[in-house]
Amino acid sequence: MTDNTPLCDIGFVGAGVMGKNLILNLADHGYRVAAFDLDLQKLEAVLAQDTAERGDQPPRVIGCSSYTELLSRLSAPHLIVLSVPAGKAVDDVCHKLIDAGIQADDIVVDTGNSLWTDTVAREKSFEGKFIFFSTAVSGGEVGARFGPSLMPSGDPYAWTRIKPLWQAIAAKVDPATGKAIERFEPGNPVTEGEPCASYIGPSGSGHYVKMVHNGIEYADMQLICEVYQVMRDVLGMSALAIADIFRRWNEGPLHSYLIGISAEVLATKDSETGLPLVDVIVDKAGQKGTGLWTAVSSLQLGSPAPTIAEAVYARSISALKTERVKAATVLAGPAQNLYSEAQQAELIQMLHDALYCAKICVYAQGFHLMKTAAEEQGWQLNFAEIAKIWRAGCIIRAVFLQSISEAYERNDELENLLLDPFFSKQISVYQQNWRKAVANASLAGIPVAALSSALSYYDAYRTAVLPANLLQGQRDYFGAHTFERTDKAKGKTYHVDWSHPERPMVKIK
Ligand code: 6PG
């Protein structure tokens, strides 16, 4: 460093959308940030915005022209945050930092949507060179700017270093109401309330939890989309009318960021045609992979998350637009019924209750998955705390998360959220409408894969005797795969000699 500028509190690599907003958020909270980006335009944009937002105060973001300069702008041990695309870019930057002279007690924090196993591998591979820590971030660009939900994990010492900064910039919740305290004003950040940034556990656990957050996000979004389609295609409602329904729902137990933005999207007019914007958006969903990772992990661990998997499939089938357009002219559906005004209102209430019950099941699946992964990995996850840090800042934020956190506070060993007395009562009250909503949609030929898979999950989970007895018989028949008997000790296995006319039972072990 050649000037007399005081050293910065934290270094940042990557001034893209998320990086820039996290940097400005840190600066709002009084931290001095040394920033580096290979793309000079991005770097200049963040410096200009910081200067503009500081007004007559000195800027808090310092631009660096190399990794070496970045290190020199920080006091040792260095604390450097990466906001670069998940994957190879993270490794590339880490190697550049090694070349620039990073030390064994320096800390590098990855904030991308990295695959959790990559994080575990990176912590090991960079051991002795620097401390690789991670913090999964949710909340999109506005969250990053004014308060994200942060899921840090890895080396506990690194956490003590970054904790004050992360807790300062994180979203805040009013402890009395469990609701987010939101203020979107540069230079006037929220400083009161409970921060949505808690240490999750050992390396990889934070990114795992964020992955499941995204799986829940996929399912939550898909459920809302299915309800929208029933209103649009069965009831013939306009985008504006559906927006009004969502706004009303947002005043009750379904209150959430995703319902709120869905109402806004539906109420927005296309600036070019004047039509509802949603009607000019092509019905092909994109995806970056975190929902898929969640579904894959649930299959690998044998912790069912069918509604999350269905949400991924729903995006895949939406992407088959050309095939669907062709099939629509060939494949028959049912005849459409006309709904009276009273029946319309009834169906809308059914959809509301269906959405609520299915949402409970999605969270039950997500939390069950995290519990199973934690047992497998030896992580001590605090589910009440995870629900708490999702109450504000993140994409799935909802009043509902307060009830989830209370459920785990009542019983931190809870096997499944569905077994919590509050949630089991909610479903018992609203399930009839859920069933009717799914039945009505199916009779009308509307795909409601997420709503109905959640219902099947609920029904399977509450069924003491599933038809897997027949399945075991089938497996034994063609593959001698053996089965247990209901009248014999657990773990003892049997096989039938299916080739023998008398089908004798053979004890295997
Ligand atoms: C968040 C979001 C964020 C992002 C995902 C989803 O928590 O802020 O989940 O991580 O929106 O990348 O992206 P896709 O829908 O494209 O998979």
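Order of appearance sets the numbers: ligands from 1, and atoms from 1 within every ligand.
- Side-chain N/O atoms of Ser114 and Thr119 include no donor and acceptor closer than 3.5 Å.
- With respect to atom 7 (O) of ligand 1, the closest heavy atom belonging to the protein is Ser138 OG, 2.5 Å.
- Cys394 does not count as a contact of ligand 1, since none of its heavy atoms falls under 4.0 Å from the ligand.
- Near Ile395, meaning under 4.0 Å from one of its heavy atoms, ligand 1 places the atoms 1 (C), 2 (C), 7 (O), 8 (O).
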List the steps and the verdict of side chain to side chain contact (heavy atoms under 4.5 Å, CB included) for Thr111 and Leu82.
-> CA-CA 6 Å; Thr111 59; Leu82 311 187; 5.6 Å; no
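- Side chains of Tyr363 and Leu401 form a contact here, defined as non-hydrogen atoms less than 4.5 Å apart.
- When atom types are taken as modelled, the side chain of Glu123 and the backbone of Phe133 share no donor-acceptor pair closer than 3.5 angstrom.
- Ring pair Trp249/His352 is perpendicular by interplanar angle, where above 60° counts as perpendicular and below 30° as parallel.
- Of the heavy atoms in Met211, none comes closer than 4.0 Å to ligand 1.
- Atom 8 (O) of ligand 1 has Gly139 N, 2.9 Å as its closest protein atom, hydrogens excluded (heavy atom only).
- Remark: minimum distance from atom 13 (O) of ligand 1 to any protein heavy atom is reached at Lys288 NZ, 3.8 Å.
- Proximity of His213 to ligand 1 is established by a heavy-atom distance of less than 4.0 Å.
- The protein non-hydrogen atom at the shortest distance from atom 12 (O) of ligand 1 is Asn113 ND2, 3.4 Å.
- When only non-hydrogen protein atoms are considered, atom 17 (O) of ligand 1 lies nearest to Tyr218 OH, 2.5 Å.
- The main-chain N or O of Gly112 is found under 3.5 Å from a side-chain atom of His207 such that the two form a donor-acceptor pair.
- Every atom of ligand 1 with a heavy atom of Arg315 under 4.0 Å away is listed here by number and element: 14 (P), 15 (O), 17 (O).
- Ring geometry, Phe132 versus Phe130: the interplanar angle falls from 30° to 60°, so the pair is classed tilted.
- You'll find the side chain of Ser149 stays beyond 4.5 Å of the side chain of Lys210, heavy atoms only.
- Per-residue contacts place Gly140 under 4.0 angstrom from the following atoms of ligand 1 (heavy atoms of the residue considered): 8 (O).
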Tell me, with the steps shown, if Leu451 and Val227 meet side chain to side chain contact (heavy atoms under 4.5 Å, CB included).
-> CA-CA 9 Å; Leu451 282 171; Val227 162; 4.2 Å; yes
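- Among protein heavy atoms, the minimum distance from atom 5 (C) of ligand 1 is reached at Asn214 ND2, 3.7 Å.
- Protein heavy atom in closest approach to atom 9 (O) of ligand 1: Glu217 OE1, 2.5 Å.
- Heavy-atom contacts of Gln287 reach the following atoms of ligand 1: 16 (O), 17 (O) (cutoff under 4.0 Å).
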